[in-house]
Amino acid sequence: MKVEFYRHGLDEADIANVVKVLNSIFLSTGPVTAEFEGKFAAYTGLANVVALNSCTAAMHMTLTALGVGPGDEVITSAMTFLASATSAQHAGATPVLVDVDPATGCIDPGAVGAAITPRTKAIIPVHLYGTMCDMTALRAIADKHGLFIVEDCAHCIEGERDGVRPGHLSDAACYSFYATKNLACGEGGAVATRNEDLAKAIKMVSLHGMTRNAASRYHGAYQHWDMLRLGWKCNLDDIHSALLVSQLDRLDASWTRRHELYQHYERGFGATPHIQRPAVVGKSGHHLYTVWVALERRDEVLHSLQQQGVGVAVNFRAIHLLTYFRDTFGYKRGDFPNAELIGDSTISLPFYPKMRDEEVDYVVEQVLKVV
Ligand SMILES: *Cc1c(COP(=O)(O)O)cnc(C)c1O
């Protein structure tokens, strides 16, 4: 049997939506993007959404629009995709990595508190695998020290913890619609925020610092535009937005199926002492299904699963051990033991709505066999 690591869930309606855009006059950021932004705002319960071309850009633009830049420090997790840290650098700030809760892999609020300096301006919590960080604790720390919170929600659109959803206790929630994410359009992202002025500032810096976008230049009587500040170019176009508009209607059904698959895996692995799984706290966004195996055997298990036709991935090796972060910031092994242990033992298994129950059974069987 061959079980792909990921298969997207795009359907004929999504494709038809794209064709409609291709047959229209307008390809870039226009009415379809606006439609998606409105629908995503309704879904997240956050009034303002700006669609961008990646989550990396979403975090970079949000920090920039908040005024975070050179001389400032931004605290984020060592157990994440590198973009949680590099987006702070793109804004001109210095990322400061901290360790994670060994049970969930989410940023440890105690470690965040300990890393705060007079230069700290923001925290980027990462809702790893889909389980939300302890936003109540992070909110208290941010209030005490006057910090912004910008959430990396690349794994968590649907999650909730302690009655809190992404973006509801922070300045902004940043999402990814990259090819393998729970809503996927190839490359895409968005910021959702309660703060209307922040959304406007993000919109402007993400379009060259210009006062009007192409759609508003195209529609109605010609009006001159101005450039108010140096910006970037990372708006999302209508072609990509078309894939998201109709997919969003199926997101809850997709979550329900992912939750079933999660339960199926959990039943399958049962109480085996050979693999640990991350704790799920509250409602997970269920982006990844991850197992933690004995670290000295991780790569062997990984390769063996691949040989048995099971698609695998590593999300993630602790980022402070990547060459760039070692060289640039002097991080070394031993700095963040919990993130290192997870990074050395983690294997992500196939996990997506199109996955069949027999495929889960096969993956479980192969994992148990090799461990
Ligand atoms: C995928 C991912 C990102 C980056 O998303 P892009 O849309 O590719 O920029 C950021 N953080 C985490 C945790 C991710 O998994």
Side-chain angles (χ1 to χ4, degrees), residues 5-6 8 33 36 40 49-64 74-91 95 97-98 100-101 104-107 122-133 135 149-159 166-167 170 172-192 202 206 232-237 240-241 243-244 247 258 278 284-290 312-320 322 324-325 339 342-343 346-349 351-352:
F5 178 70
Y6 184 81
H8 70 67
T33 303
F36 171 68
F40 200 60
V49 169
V50 183
L52 297 171
N53 63 13
S54 73
C55 181
T56 308
M59 295 187 284
H60 171 195
M61 292 302 110
T62 302
L63 291 170
T64 300
V74 176
I75 298 174
T76 192
S77 169
M79 176 37 59
T80 182
F81 180 60
L82 55 87
S84 316
T86 57
S87 58
Q89 281 181 280
H90 291 315
L97 303 178
V98 299
V100 296
D101 175 340
T104 59
C106 289
I107 201 164
I123 308 167
I124 302 183
V126 183
H127 305 314
L128 193 69
Y129 313 133
T131 289
M132 282 186 70
C133 300
M135 291 304 297
I149 303 181
V150 176
E151 291 169 74
D152 181 337
C153 297
H155 296 186
C156 189
I157 306 174
E158 310 99 318
S170 69
C174 297
Y175 299 88
S176 174
F177 309 129
Y178 173 70
T180 59
K181 301 284 157 79
N182 292 347
L183 265 186
C185 68
E187 302 288 352
V191 186
I202 291 167
S206 62
W232 285 263
K233 182 62 162 61
C234 43
N235 50 309
L236 191 71
D237 61 58
H240 286 85
S241 296
L243 286 175
L244 298 171
Q247 236 184 114
R258 278 178 274 127
S284 172
H286 282 318
H287 173 53
L288 293 168
Y289 187 84
T290 296
V312 285
V314 170
N315 307 95
F316 304 92
R317 291 191 300 151
I319 62 170
H320 67 286
L322 299 174
Y324 174 78
F325 289 92
I342 294 171
T346 194
I347 299 177
S348 300
L349 301 176
F351 188 59
Y352 44 90

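Starting from 1, each residue takes its place in the sequence as its number. Keep in mind that the numbers below use all heavy atoms, side chains included, and drop hydrogens, waters and symmetry copies. When a ligand or atom number is given, it counts from 1 through the structure's own listing order.
Listed by chain and residue number, H90, W232 satisfy the ring pair (Phe, Tyr, Trp, His ring centres under 6.0 Å) test with H60 (two or more places apart in sequence, or in another chain). Residues meeting the ring pair (Phe, Tyr, Trp, His ring centres under 6.0 Å) test with H155, sequence neighbours left out: H287, F316. Applying the side chain to side chain donor-acceptor pair (under 3.5 Å) rule to N235 yields the partners T29, K233; only residues at least two apart in sequence or on another chain are considered.
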Inset, instruction - Would you please test E158 and H286 for side-chain hydrogen bond (donor to acceptor under 3.5 Å, both in side chains) and show each step? - result: CA-CA 8 Å; E158 310 99 318; H286 282 318; over 6 Å; no
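For Y352, the OH atom counts as densely surrounded, since its 6.0 Å shell holds more than 12 non-hydrogen atoms of other residues, nucleotides or ligands.
Side-chain N or O atoms of Y6 include one that pairs as donor or acceptor with a backbone N or O of K181 at under 3.5 Å.
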Check ligand 1 for close polar pairs with the protein: N or O on both sides, less than 3.5 Å.
{"from": "ligand 1", "atom 1": "5 (O)", "to": "S176", "atom 2": "OG", "distance (Å)": "3.3"}
{"from": "ligand 1", "atom 1": "7 (O)", "to": "C55", "atom 2": "N", "distance (Å)": "2.9"}
{"from": "ligand 1", "atom 1": "7 (O)", "to": "S176", "atom 2": "OG", "distance (Å)": "2.7"}
{"from": "ligand 1", "atom 1": "9 (O)", "to": "C55", "atom 2": "N", "distance (Å)": "3.3"}
{"from": "ligand 1", "atom 1": "9 (O)", "to": "T56", "atom 2": "N", "distance (Å)": "2.9"}
{"from": "ligand 1", "atom 1": "9 (O)", "to": "T56", "atom 2": "OG1", "distance (Å)": "2.5"}
{"from": "ligand 1", "atom 1": "11 (N)", "to": "D152", "atom 2": "OD1", "distance (Å)": "3.3"}
{"from": "ligand 1", "atom 1": "11 (N)", "to": "D152", "atom 2": "OD2", "distance (Å)": "2.7"}
{"from": "ligand 1", "atom 1": "15 (O)", "to": "H155", "atom 2": "NE2", "distance (Å)": "2.7"}
{"from": "ligand 1", "atom 1": "15 (O)", "to": "K181", "atom 2": "NZ", "distance (Å)": "3.2"}

